[in-house]
Amino acid sequence: MDNFVIVNKHNDSLFSEPSRPSWKGTSYKSEGAAKAGITRTIKFYEKAVADVERVLAEGEKEYTSRMHNAYRDATDPALGRTHCADRDNYRVMALEEYRLIEPMITKTGKSPYSGKTITRTLSINTPSYMDPLCESHYTR
């Protein structure tokens with residue numbers, strides 16, 4: 001069975017829908033389901049913009065909106081995430097195909113556990129708590 005993923009064209013990382021529970025992961029059973037995930041993402045950001053516009057029209061401050069953080073992701077260029085609200089920023093790929101091009105990052109630093117200098121290479125999608133250069137790697 002093929003699994004499909006949504007890839008962020010901005011940095012070639014796996015994309016997770018902002019409204020999707022984290023336990024569901026980033027893979028989809030079909031290409032159509034992944035494309036629907038892109039549509040849900042765009043609608044999520046459109047809803048955030050509409051909610052902030054509604055709050056502003058009521059005379060409130062924009063940060064009183066429940067969706068203020070998503071609104072800022074979609075509109076604030078200082079955060080560098082405005083590409084999240086752009087449909088052209090995403091592409092759907094088979095998981096096997098993505099594994100062939102998955103970006104890797106190599107870093108050298110001091111281990112917070114032993115103080116020794118280490119070099120490690122991890123996927124761009126590796127969570128920080130799995131990084132041996134991160135203190136939480138040793139506290140879990």
Side-chain angles (χ1 to χ4, degrees):
M1 174 186 351
D2 277 339
N3 284 330
F4 292 87
V5 292
I6 300 172
V7 178
N8 183 338
K9 289 181 185 177
H10 186 71
N11 60 3
D12 285 334
S13 65
L14 291 178
F15 178 75
S16 179
E17 291 178 56
S19 58
R20 186 177 170 133
S22 61
W23 55 267
K24 284 193 173 183
T26 56
S27 66
Y28 299 84
K29 291 184 180 181
S30 69
E31 186 175 1
K35 287 180 180 180
I38 294 171
T39 300
R40 283 189 296 272
T41 296
I42 300 307
K43 287 185 178 185
F44 175 83
Y45 286 116
E46 287 172 353
K47 182 179 173 185
V49 170
D51 189 56
V52 169
E53 287 174 353
R54 178 191 56 81
V55 167
L56 290 173
E58 293 173 356
E60 300 283 333
K61 302 284 185 186
E62 73 179 36
Y63 57 80
T64 60
S65 167
R66 296 184 74 195
M67 300 191 77
H68 178 254
N69 289 338
Y71 167 79
R72 286 196 58 211
D73 280 348
T75 60
D76 191 349
L79 295 177
R81 294 182 40 85
T82 55
H83 60 274
C84 292
D86 181 12
R87 180 178 296 278
D88 296 329
N89 179 57
Y90 305 107
R91 69 176 178 249
V92 175
M93 297 177 79
L95 184 57
E96 294 77 26
E97 180 184 347
Y98 178 73
R99 287 185 177 142
L100 297 174
I101 66 151
E102 186 173 19
M104 303 298 272
I105 299 173
T106 301
K107 285 187 182 177
T108 300
K110 285 194 175 190
S111 167
Y113 178 70
S114 65
K116 294 181 180 178
T117 301
I118 59 173
T119 301
R120 58 95 177 128
T121 301
L122 297 173
S123 161
I124 194 171
N125 300 305
T126 303
S128 64
Y129 66 85
M130 299 287 291
D131 183 352
L133 293 176
C134 180
E135 187 174 342
S136 64
H137 176 77
Y138 298 101
T139 60
R140 287 206 167 250

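- Rounded to the nearest 0.5 angstrom, K61 NZ and S65 OG are separated by 14.5 Å.
- The backbone N or O of D88 lies less than 3.5 Å from a partner atom in the side chain of K9, making a donor-acceptor pair.
- Clustering ILVMFWY residues whenever any of their side-chain heavy atoms sit less than 4.5 angstrom apart, transitively, puts L95 in the very cluster that holds M93.
- Stacking of R20 on the aromatic ring of Y28 is recorded, both the 6.0 Å distance cut-off and the 45° axial limit being met.
- Within the 4.5 Å cutoff, no side-chain heavy atoms of V52 are placed close to those of R72.
- Within the 4.5 Å cutoff, the side chain of T64 has no heavy atoms near those of the H68 side chain.
- L79 and V49 fall into different hydrophobic clusters, where Ile, Leu, Val, Met, Phe, Trp and Tyr residues are linked whenever their side-chain heavy atoms come under 4.5 Å apart, directly or through other members.
- Rounded to the nearest 0.5 angstrom, R120 CZ and T106 OG1 are separated by 7.5 Å.
- Residue Y45 is grouped with residue M67 when hydrophobic side chains (ILVMFWY) are merged at heavy-atom distances under 4.5 angstrom, including chains of intermediate members.
- Taking both residues in full, the closest heavy atoms of T41 and C84 are given as CG2-O, 4.1 Å, listed atom of the first, atom of the second, then distance.
- The two residues F4 and S30 make their nearest non-hydrogen contact at CD1-C, 3.4 Å.
- Separation of atoms NE2 (H83) and CG (N11) is listed at 6.0 Å; rounding is to 0.5 Å.
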Apply side chain to side chain contact (heavy atoms under 4.5 Å, CB included) to residues T39 and K43 and explain how you reach the verdict.
CA-CA 6 Å; T39 300; K43 287 185 178 185; 3.9 Å; yes
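- Side-chain N or O atoms of N125 include one that pairs as donor or acceptor with a backbone N or O of L14 at under 3.5 Å.
- Note that CZ of R91 is 12.5 Å distant from CD1 of I6, once rounded to the nearest 0.5 Å.
- Nearest heavy atoms, Y98 versus S13: OH-CA, 3.7 Å.
- What you find for T108 and T117 is that their closest heavy atoms are CG2-CG2, 3.6 Å.
- When side chains are defined from C-beta on, F44 does not count as touching E17, because their heavy atoms never get closer than 4.5 Å.
- In the hydrophobic cluster analysis, where Ile, Leu, Val, Met, Phe, Trp and Tyr join through side-chain heavy atoms closer than 4.5 angstrom, V92 is grouped together with I42.
- Between T121 and M104, the closest heavy-atom pair is CG2-CB, 3.9 Å.
- Note that NZ of K35 and CD1 of I38 are 8.0 Å apart. Values are rounded to the nearest 0.5 Å.
- Distance check, rounded to the nearest 0.5 Å: OG1 of T119 to NZ of K107 gives 12.5 Å.
- Put simply, I105 and I101 are part of the same group of oily side chains (I, L, V, M, F, W, Y) that touch within less than 4.5 Å, one to the next.
- The aromatic rings of Y90 and F15 sit tilted, their planes meeting at an angle between 30° and 60°.
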